[in-house]
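Structure first, commentary second.
Every chain is numbered from 1 and lettered A, B, ... according to where its sequence line falls, protein lines coming before strand lines.
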There are 2 protein chains.
Amino acid sequence: MINLNEKQKNILKFIENYYIEYGISPSIREIQNGCNITSTSVVDYNLKSLQKKGYLNKRSDISRAIKLNKDTQSNNKIPILSNIAAGEPLMVNPDQTSFNEDTDPYVELPNHISSDPDLFALKVKGDSMIDALITNDDIVIMKSSNNASDGEMIAAWLPKDEETTLKRFYFTGDKVELRPENPKYDSLFLDPKEVVIKGKVVGVIRKV
Amino acid sequence: MINLNEKQKNILKFIENYYIEYGISPSIREIQNGCNITSTSVVDYNLKSLQKKGYLNKRSDISRAIKLNKDTQSNNKIPILSNIAAGEPLMVNPDQTSFNEDTDPYVELPNHISSDPDLFALKVKGDSMIDALITNDDIVIMKSSNNASDGEMIAAWLPKDEETTLKRFYFTGDKVELRPENPKYDSLFLDPKEVVIKGKVVGVIRKV
DNA sequence: TTAAATGTAGCACATATGTTCTATTTTTGC
DNA sequence: GCAAAAATAGAACATATGTGCTACATTTAA
């Protein structure tokens, strides 16, 4: 997103949002109205500039034939919010909420997993879930949730240690058990106040 | 794809192929030419019919605003060619080559795995690769290949047993070793002639 | 067989839409 | 401050494109 003035950023954003809503690109005049631009020729001027800079491509004389380049768009991508500790602790930013597609990593979801909102992804570091067939560098797809049932695999934020960890969740009366799936590691028994559940694992993707 | 005559199937196919090639929908006249239809009104007529039957949607008076419904399109899908035996043998069809999206199962690939041609998918049955973190009902993404190097995880067709199997490949002089990743099972040592390598594992997808 | 339903043809029309042109204004670089 | 470059305006133009209309052909159903 470098080398772009506000107007051009607006145009790109508008095209992307329009595409998300309608599945096709807007016409020049729709861009004009949507971005409060005074003339179609100004839109044309900026589209040519954006094309020259490599942000989009368009076919001449063809209606609605603007295509954002792959780097420009953020379709179907879900953010890899932070690496997750599944062994050694890892510092993460607990209040990371926004997703900047330019600087943040992401994965593209296979559609049979996706179609669900509030999904995010975590890249696993460590081997504490090896018996659950999840290992280092796997990407786990999470569904946001602030609660869990016994036996569910969850990502939990531990304020005291300032780490996010992937474990099985058990609630035994007054203590929360976070159980790894690796005999090398022991369960954590914590006060419920010490555990912030971030989400449940709904899928795993591994690139070998 | 029921309730459709040849012309309408053609139109749907053309729209999909056009979309794959250009990223946008074709105009009425492009459909006309692409499907050898004699009049734009015939295209219009059939598009209305297809819309009524639920195969697509379009916005009125908007250029290139045809959208195939999700069931109608086959974007990004790769076929699950057959279940793979990773324990008990499973009968499969060794010369299955074509992919009929209507009747055959498929997976949608996450883009960071995809973009490579000749990929296909296999659904794992059994637990013989459990130590490689691949288990029952996982979907392995395969890249077609008729050869392999030592230690690579491959799918091999065993003509003698008429089964496809997922194993690690080792070549020890004159015998091919197909090694499971589960102490419960033993390696197969076979004559090279008895092993047809179908592809190498490039990814794993699991829906939990 | 016959009437209704369905599909085809060809053309015309309205407008949606990309492009171009010239003039003017604003910004930039020196 | 001044010339060049960049950006804006507004309109006109050409054509790309969806739709409508009438006539005709083919298929279906009774």
Between CD1 of B/I66 and P of D/dG18 the distance, given in whole Å, is 7 Å
Taking CD from B/E6 and P from C/dG7, how many angstroms apart are they, rounded to a whole number?
14 Å
Min side-chain heavy-atom separation B/L133-B/V204 under 4.5 Å:
no
Quick one: which of D/dT17, C/dT19, C/dG18 gets closest to the side chain of B/S27?
D/dT17
What's A/I37 touching, base or sugar-phosphate or nothing? Going by heavy atoms closer than 4.0 Å.
nothing
Just to be sure I understand the rule, does B/S39 reach a base, reach only the sugar-phosphate, or reach nothing, if contact means heavy atoms closer than 4.0 Å?
base
Is there side-chain contact between B/V196 and B/K198, with heavy atoms separated by less than 4.5 Å?
yes
Donor + acceptor pair across side chains of A/S49, A/Q8 (<3.5 Å)
yes
B/R59 CZ to D/dG18 C1', straight-line distance once rounded to whole Å:
13 Å
Please confirm whether any donor atom in the side chain of A/S41 sits under 3.5 Å from an acceptor in the base of D/dG10, or the reverse.
yes
So which atom in B/R206 and which in B/D138 form the shortest heavy-atom distance, rounded to 0.1 Å?
NE-OD1, 2.9 Å
Would you kindly give the CD1-to-P distance between B/I28 and D/dA16, to the nearest whole Å?
15 Å
Would you please classify the geometry between the B/Y18 ring and the B/F14 ring as parallel, tilted or perpendicular, with 30° and 60° separating the classes?
tilted
Return the value, rounded to whole Å, for the distance between atom CG of B/N33 and atom P of D/dT17.
12 Å
B/K48 has an atom NZ; how far is it from atom C1' of D/dC21, in whole Å?
11 Å
Please determine, by modelled atom types, if A/K167 and A/T165 share a side-chain donor-acceptor pair under 3.5 angstrom.
yes
Give me, pair by pair, the N or O atoms of the protein and of nucleotides 23-25 of chain C that are less than 3.5 Å apart, along with how far apart they are.
none

Tell me: NZ of A/K58 to C1' of C/dG18, nearest whole Å?
7 Å
Using a cut-off of 4.0 Å on non-hydrogen atoms, how would the nucleic acid contact of B/S60 be classed: base, sugar-phosphate, or nothing?
sugar-phosphate
I'd like a list of close polar pairs between nucleotides 3-7 of chain D and the protein, N/O only, cut-off under 3.5 Å.
residue, atom, partner, partner atom, Å
D/dA7, OP2, A/Y45, OH, 2.6
D/dA7, O5', A/Y45, OH, 3.4

Given that B/R29 and A/S63 both sit by DNA chain C, which one's nearest nucleotide is further toward the 5' end?
B/R29
Test: A/R179 cationic atom under 6.0 Å from A/Y170 six-membered ring centre, within 45° of axis:
yes
Grab the CG-P distance between A/D61 and D/dT17 for me, whole Å please.
9 Å
A/L158 side chain reached by A/T164 side chain, heavy atoms, under 4.5 Å:
no
Side chains of B/E177 and B/S187: is there a donor and an acceptor less than 3.5 Å apart?
yes
